[in-house]
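Just so you know, ligand 1 is whichever comes first in the structure, and atom 1 is the first atom listed for that ligand. Heavy atoms only: backbone and side chains are in, while hydrogens, waters and symmetry mates are out.
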Amino acid sequence: MKVTDTIAAISTSAGNSGIGIVRVSGDEAVEIVDKIFQSNKKGKKLRNVKSHTVHYGYIVDGQTILDQVLVIVMKNPHSYTGEDTVEIDCHGGMLILQKVLELVIKNGAKAAAPGEFTKRAFLNGRLDLSQAEAVMDVINSSNDFALSSSMSQLKGGVSEKIKEIRSDIIYHIAFIESALDDPEHISLDGYDKEISHMLEKNTTKIKRLLDTFDNGRIMKEGIHTVILGKPNAGKSSLLNLMLGEERAIVTDIEGTTRDTLEENINFNGLSLKIIDTAGIRNTEDKVEQIGVNKAKEIANQADLIIYVVDGSRKIDENDLEILQLIKDKQFIVLLNKSDMDMVADFDDIKDLPKEDVIEFSAKQGMGMDKLEERIRDMFYSGRVTYNDQIYITNARHKEALENSYQSLLKVKESVEAMMPEDFYSIDLMDAYEQLGLIIGESVEDDLVEEIFSKFCMGK
Ligand code: GDP
């Protein structure tokens, strides 16, 4: 599909900064900017310059000089979008950028929708869909893992794996079709072995990719962590301690469910997403108030539960009940207030694995290193691999992989039940098309719209 409109947007972030870029892309990009650009060299016109060159001059609105700029010209197909692209490198004031953008629009460009540059890169075949999605992930990366995995996806890591599997499947679809068309020359004798081998190989490959999803999500989004404990155990103090770490980067984001606050904590490469479902910052008696059922529900959503016990008091029924609940999950018990006389009866919790119980003092910051180390052991040991391991971190990709896996299993069943070969084709085709969704082959327009609408302006 060829898109001919020329689009423009401010591609750098909103707010004043050193420089800011207005990006223009489309058939008329050069012509439009030529109308408002006055080169320092008399008579120089952008339409005559070579691709990938930089030009110094002014953006002018009639007689008025708006800004002193550098203009970069990139001719198609060698640009991000695959179209003629001009980037106007302005001073980074929002007012200047806005005025330059308005002028570009006045001269014939259209304001770009969020993600429209990347969408064009996709439609022009510069990127496939999984790579285009990776662009957004690269921009939003909040830790080293997220960055490295989205970079690998951008370079085509995921696409390559998907294409390998698809090419195996399409070979077999074609083979079956030709054999059925021309039985005299192409024999299907012994074919069940061959296709079984292909199915085994590729279901294993898909399974491996699917298995990376949980790790991938944890690495990318942070470990979904819930802090539980009775009132006054020290939950808020722990959270404040974590948030107050000098090395911590903290962002507040609204969670998906109402009333849920999620806080991302990122320190020393360790990334936690604290789910404050229980309202731990509230001083009320949350554990009792939310009840055991709710605690169970919360625990089920979490990758990690940190249970805070007030060590200066006796461990009671309530603690034991909760501990019982979380026993099968990944958990850490913090025996807090260890700076005071500890009266908690350790016999009650002695059957818990020793490494999961940490003596702690939120007041003095004692035990923080141990806590960090334990979390790292639980979630990161051997997990962060910056080698060729491909991670699936996108839920859309996961769903397509699962569907194609199911379709291949159906083919397996048909082979085992010795069904006629034309039965295989339908499920093989399903698997092939599902995988195609990941890289953007045969996707519906509205899915494309939906994916790109989540992009930021100017990308
Ligand atoms: P929450 O209700 O579980 O969130 O508990 P808070 O964090 O609000 O703490 C309750 C009380 O215990 C506060 O007065 C804290 O100052 C105190 N506290 C918390 N952690 C410690 C600790 O490690 N040692 C001591 N001595 N007091 C603590």
Side-chain angles (χ1 to χ4, degrees), residues 222-248 250-253 255 257 259-265 267 270 272-299 301-327 329-346 348-349 352 354-375:
I223 303 160
H224 288 212
T225 306
V226 170
I227 302 176
L228 287 177
K230 288 194 308 189
N232 279 321
K235 298 178 296 298
S236 323
S237 308
L238 169 67
L239 186 61
N240 289 337
L241 184 69
M242 290 172 134
L243 297 179
E245 289 281 323
E246 265 179 57
R247 53 212 163 135
V250 182
T251 47
D252 278 6
I253 50 167
T257 31
D259 312 326
T260 310
L261 178 75
E262 292 172 352
E263 288 189 273
N264 282 334
I265 305 183
F267 52 93
L270 196 69
L272 299 189
K273 181 183 230 153
I274 305 273
I275 312 164
D276 190 5
T277 333
I280 48 179
R281 301 197 119 178
N282 201 322
T283 49
E284 287 167 61
D285 178 1
K286 284 296 179 180
V287 166
E288 275 150 34
Q289 189 185 317
I290 62 177
V292 171
N293 280 336
K294 184 72 184 171
K296 204 180 206 167
E297 196 186 306
I298 295 165
Q301 297 163 7
D303 300 315
L304 170 69
I305 297 155
I306 300 179
Y307 190 68
V308 186
V309 178
D310 182 347
S312 69
R313 286 157 180 261
K314 283 209 168 309
I315 291 175
D316 67 14
E317 278 302 305
N318 222 309
D319 287 312
L320 292 177
E321 198 171 349
I322 301 281
L323 284 171
Q324 202 55 37
L325 256 176
I326 62 177
K327 230 170 53 190
K329 304 284 297 181
Q330 301 257 51
F331 70 92
I332 295 172
V333 174
L334 293 185
L335 284 178
N336 193 31
K337 309 199 186 179
S338 64
D339 52 295
M340 294 165 70
D341 281 343
M342 298 295 267
V343 297
D345 193 349
F346 295 112
D348 286 337
I349 51 168
L352 295 179
K354 229 175 50 221
E355 65 273 18
D356 290 334
V357 182
I358 297 172
E359 276 193 51
F360 200 82
S361 165
K363 193 173 182 181
Q364 299 183 338
M366 198 198 90
M368 208 44 197
D369 291 354
K370 276 220 180 96
L371 176 62
E372 236 184 272
E373 193 185 310
R374 184 70 195 124
I375 297 176

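- Taken to the nearest 0.5 Å, the CD1 atom of Ile227 stands 11.5 Å off from the CD1 atom of Ile305.
- Backbone and side-chain nitrogen or oxygen atoms of Phe360 are examined, and none is located within less than 3.5 angstrom of a nitrogen or oxygen of ligand 1.
- For ligand 1, one of its N or O atoms has an N or O atom of Lys363 under 3.5 Å away.
- With sequence neighbours left out, the side-chain hydrogen bond (donor to acceptor under 3.5 Å, both in side chains) criterion links Ser237 to no other residue.
- Less than 4.0 angstrom separates some heavy atom of Asp339 from each of these atoms of ligand 1: 22 (C), 23 (O), 24 (N), 25 (C), 26 (N).
- Residue-level proximity to ligand 1 for Asn232 is carried by backbone and side chain together, each with a heavy atom below 4.0 angstrom.
- For ligand 1, the atoms sitting less than 4.0 Å from at least one non-hydrogen atom of Met340 are 25 (C), 26 (N), numbered in the order shown with element in parentheses.
- Nearest heavy-atom pair across Ala362 and Leu238 is CB-N, 4.0 Å.
- When the heavy atoms of Ser361, Ala233, Ser237 are ranked by distance to atom 6 (P) of ligand 1, first place goes to Ser237.
- Take Asp339 and apply the salt bridge (Lys or Arg N to Asp or Glu O under 4.0 Å) test, not counting sequence neighbours, and it matches no residue.
- At distances below 3.5 Å, not a single donor-acceptor pair connects side-chain atoms of Ser312 with backbone N or O atoms of Asp341.
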